[in-house]
S.K.: 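First, the structure itself, so that you have it in front of you.
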Amino acid sequence: MCGRYASTRSSDAIATELDASNDVEHDVLGRYNTAPSQLIRVAVHNPDTDRRSLTAAQWGFRRFRGMTAAPTNARAETAGTSRLFTTAVRGGRLVVPMDGWYEWRTTTDPDGKTIKQPHYMTPTDGTLLAAAGLYSWWHTDDDRRILTCTILTTTATGRLHDIHHRMPLLVDTDTLTAWLNPDTDPAHILTAPHIEQIAAGLHVRPVGRAVGSYRNEGPHLIDPITA
């Protein structure tokens with residue numbers, strides 16, 4: 001977790017729900033199969049306007065010039081003490097809006113063969129999910145400046161643990177406000193005391209394996225199947 005998620009609302013709709021200005025370029029679109037390295041919509045605190053801004057970032061955190069790996073996930077439990085993420089925890093916090101996300105459960109088929117069955121987690125009431133994340137400005141070797149990000153994960157709770165042992169660090173409305181506030185100490189948020197209530201409102205269903213390829217796209221990817 002988390003290597004795939006769906007975010008299909010328009011940027012205007014997301015900005016309205018998050019009480020943010022929409023600063024996303026028109027060519028950054030929503031997807032049913034969002035994958036690492038793609039440009040995604042994220043909400044940050046804009047110090048110039050002192051309000052939230054919906055903008056685009058490359059999914060894969062890069063801080064140092066010449067980094068060969070770009071982590072798409074960071075463990076909430078250790079991010080605050082990690083050399084790579086500690087600066088972002090203090091002053092580079094964001095949220096990633098989602099309709100839902102995918103996890104793969106390891107199981108066996110009727111012939112006893114080990115398979116990984118994708119599942120889709122989404123709010124029962126259709127509301128927007130917000131996953132806490134971190135960002136960093138990356139200066140490329142050709143002197144471009146790119147906003148990059150990672151999604152924080154925590155221990156999965158309740159029935160979600162039966163699918164995968166990790167899940168995104170989801171935030172509710174109050175926690176989202178505190179997380180994006182640069183004056184807030186985020187330590188208590190990273191311990192995820194609010195996760196269980198959010199997780200209780202999720203619908204979990206098996207979906208087809210087509211989501212395993214980032215080249216596949218469309219609403220059929222979230223259609224339920226008989227596992």
Side-chain angles (χ1 to χ4, degrees), residues 1-9 29-42 57-61 69-79 85 95-134 148-171 190 192 194-227:
M1 195 297 124
C2 163
R4 290 284 200 283
Y5 71 89
S7 179
T8 61
R9 288 168 167 83
L29 304 175
R31 301 182 181 90
Y32 285 91
N33 194 5
T34 310
S37 81
Q38 294 174 343
L39 282 177
I40 64 174
R41 281 91 58 86
V42 300
Q58 187 177 71
W59 188 12
F61 188 94
T72 55
N73 295 153
R75 294 177 67 91
E77 301 90 334
T78 58
F85 299 118
V95 295
V96 179
M98 301 177 174
D99 302 333
W101 81 96
Y102 303 93
E103 297 287 7
W104 278 256
R105 180 186 182 190
T106 301
T107 184
T108 56
D109 66 13
D111 297 325
K113 180 181 177 182
T114 298
I115 60 173
K116 289 189 175 182
Q117 173 62 54
H119 288 70
Y120 183 60
M121 276 62 66
T122 189
T124 303
D125 60 5
T127 55
L128 184 72
L129 291 176
L134 303 170
T148 70
C149 70
T150 188
I151 295 174
L152 289 166
T153 69
T154 189
T155 302
T157 184
R159 70 192 190 286
L160 297 182
H161 197 275
D162 295 335
I163 307 299
H164 195 275
H165 66 286
R166 303 291 292 179
M167 65 178 286
L169 179 62
L170 302 174
V171 292
L190 294 172
H194 51 280
I195 282 288
E196 288 190 16
Q197 185 174 356
I198 301 175
L202 296 175
H203 177 249
V204 181
R205 61 179 181 260
V207 294
R209 297 184 198 174
V211 72
S213 172
Y214 72 90
R215 295 183 178 87
N216 295 326
E217 177 58 36
H220 65 284
L221 296 176
I222 65 172
D223 287 343
I225 64 166
T226 301

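Only heavy atoms go into these numbers, but all of them, side chains included; no hydrogens, no water, no symmetry mates.
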S.K.: Can you find a heavy atom in the side chain of Y5 that is under 4.5 Å from one in the side chain of V96?
M.R.: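 Result yes, sub-4.5 Å side-chain heavy-atom pair found.
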S.K.: Kindly write out the residues that satisfy side-chain contact (heavy atoms from CB on, under 4.5 Å) with R205, not counting sequence neighbours, or none if the list is empty.
M.R.: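 Y120, T122, H203, V207, I222, P224.
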S.K.: For P97 versus V42, what's the shortest heavy-atom pair and its separation?
M.R.: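 Here P97 and V42 meet closest at CD-CA, 4.2 Å.
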S.K.: Hey, what's the ring geometry for H165 with H161, parallel, tilted or perpendicular (30° and 60° as the breaks)?
M.R.: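 H165 and H161: perpendicular rings.
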S.K.: Can you confirm whether T107 sits close enough to I115 that some side-chain heavy atom of one is under 4.5 Å from a side-chain heavy atom of the other?
M.R.: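 Yes, at least one pair of side-chain atoms sits under 4.5 Å.
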S.K.: Would you say the side chain of W59 lies within less than 4.5 Å of the side chain of I151, judging by non-hydrogen atoms?
M.R.: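 A side-chain contact exists here, since the closest heavy-atom pair is under 4.5 Å.
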S.K.: Would you call Q117 and I225 a side-chain contact if the rule is heavy atoms closer than 4.5 Å?
M.R.: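 Q117 reaches I225 side chain to side chain.
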S.K.: Decide yes or no on salt bridge (charged side-chain N to carboxylate O under 4.0 Å, His left out) for D99 and R9, but give the supporting numbers first.
M.R.: CA-CA 8 Å; D99 302 333; R9 288 168 167 83; 2.6 Å; yes
S.K.: Among all residues two or more places apart in sequence or in another chain, which pass the salt bridge (Lys or Arg N to Asp or Glu O under 4.0 Å) test with E77?
M.R.: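 Partners of E77 under the salt bridge (Lys or Arg N to Asp or Glu O under 4.0 Å) test: R166.
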S.K.: Quick one: list whatever passes side-chain contact (heavy atoms from CB on, under 4.5 Å) with A35, sequence neighbours left out.
M.R.: R4, Q38, Y214
S.K.: Working note: M121 + L129, criterion side chain to side chain contact (heavy atoms under 4.5 Å, CB included); need CA distance, chi angles, decisive distance, verdict.
M.R.: CA-CA 10 Å; M121 276 62 66; L129 291 176; over 6 Å; no
S.K.: Side-chain contact test, heavy atoms from C-beta onward, threshold under 4.5 Å: evaluate it for R105 versus E103 and give yes or no.
M.R.: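 Heavy-atom side-chain distance check fails, nothing below 4.5 Å.
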S.K.: For A131 versus P168, what's the shortest heavy-atom pair and its separation?
M.R.: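 Heavy atoms of A131 and P168 come nearest at CB-CB, 4.1 Å.
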S.K.: Any side-chain heavy-atom pair from S7 and I40 closer than 4.5 angstrom?
M.R.: no
